[in-house]
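Quick notes on the structure that follows.
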Amino acid sequence: MNTGLKKIIFTFSILFSTVSIIDFSRPHQDSFDSLPAGLSATLIILYSTLFFYEQLNNAKTVIYDDQRFWVIVAFVIYFSGTFFIFIFY
């Protein structure tokens, strides 16, 4: 994996960790906080895209034969579909 992608992953992981710590340290309310849910859905979609990119660049076999491909496809479908529900709820 190239160093630019590693920096992106590291930066967004730190950002997500910071937002999560701030969110958990605030007094909890009875409502759903959509910021961490939307941010985590965005990160999972981004990481899935980076996984696909890495797999396609290093493909020695057909990517469809790998079980990890189908698990990541399921994550992308789920989080892409629920992203707008998360941020507008």
Side-chain angles (χ1 to χ4, degrees):
M1 187 181 311
N2 92 28
T3 57
L5 291 177
K6 287 182 181 180
K7 287 180 183 179
I8 290 171
I9 290 172
F10 182 74
T11 303
F12 282 117
S13 297
I14 295 296
L15 174 68
F16 177 71
S17 299
T18 305
V19 169
S20 296
I21 289 170
I22 291 170
D23 182 56
F24 286 132
S25 66
R26 292 187 334 191
H28 290 289
Q29 303 164 350
D30 292 337
S31 64
F32 177 72
D33 191 8
S34 63
L35 177 66
L39 185 61
S40 65
T42 304
L43 286 177
I44 289 173
I45 293 169
L46 175 70
Y47 292 157
S48 298
T49 305
L50 292 175
F51 173 79
F52 287 143
Y53 175 75
E54 192 68 28
Q55 290 299 311
L56 288 172
N57 282 342
N58 298 330
K60 294 179 177 59
T61 61
V62 179
I63 193 170
Y64 305 119
D65 292 336
D66 191 4
Q67 293 176 353
R68 295 178 300 172
F69 172 79
W70 295 109
V71 171
I72 299 299
V73 165
F75 281 146
V76 169
I77 291 170
Y78 174 77
F79 284 106
S80 296
T82 58
F83 173 73
F84 292 104
I85 295 171
F86 285 158
I87 62 172
F88 289 121
Y89 183 70

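Since the structure is predicted, the reported quantities are computational estimates derived from the model, not experimental observations.
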* same_hphob_cluster(Phe10, Val19) at 4.5 Å side-chain heavy-atom cutoff -> no

* **Atom pair OG1 (Thr82) and CD1 (Ile77), whose distance is rounded to the nearest 0.5 Å** => 11.5 Å

* Asked: Going from CZ on Phe79 to CD1 on Ile85, what distance comes out if it is rounded to the nearest 0.5 angstrom?
  -> 12.0 Å

* Take atom CZ of Phe16 as the centre, draw a 6.0 Å sphere, and report whether it contains more than 12 heavy atoms from other residues, nucleotides or ligands. => yes

* Non-neighbouring partners of Phe69 that pass ring-ring contact (aromatic ring centres under 6.0 Å, His included), sequence neighbours left out -> Phe52, Tyr64

* To do: Check whether any side-chain heavy atom of Thr11 sits under 4.5 Å from a side-chain heavy atom of Leu15, and report yes or no.
  => no

* Structure fact -> Connected to Phe83, directly or through other members, by ILVMFWY side-chain contacts below 4.5 Å are Phe84, Ile87, Phe88

Result block: side-chain N/O donor-acceptor pairs under 3.5 angstrom for residues 37-49, not counting sequence neighbours:
{"from": "Ser40", "atom 1": "OG", "to": "Pro36", "atom 2": "O", "distance (Å)": "3.1"}
{"from": "Ser40", "atom 1": "OG", "to": "Ala37", "atom 2": "O", "distance (Å)": "3.0"}
{"from": "Thr42", "atom 1": "OG1", "to": "Gly38", "atom 2": "O", "distance (Å)": "2.8"}
{"from": "Tyr47", "atom 1": "OH", "to": "Ile9", "atom 2": "O", "distance (Å)": "3.3"}
{"from": "Tyr47", "atom 1": "OH", "to": "Ser13", "atom 2": "N", "distance (Å)": "3.4"}
{"from": "Tyr47", "atom 1": "OH", "to": "Ser13", "atom 2": "OG", "distance (Å)": "2.7"}
{"from": "Ser48", "atom 1": "OG", "to": "Ile44", "atom 2": "O", "distance (Å)": "2.7"}
{"from": "Thr49", "atom 1": "OG1", "to": "Ile45", "atom 2": "O", "distance (Å)": "2.8"}

* Do you reckon Val62 sits in the same ILVMFWY cluster as Val73, going by side-chain contacts under 4.5 Å, direct or chained? -> yes

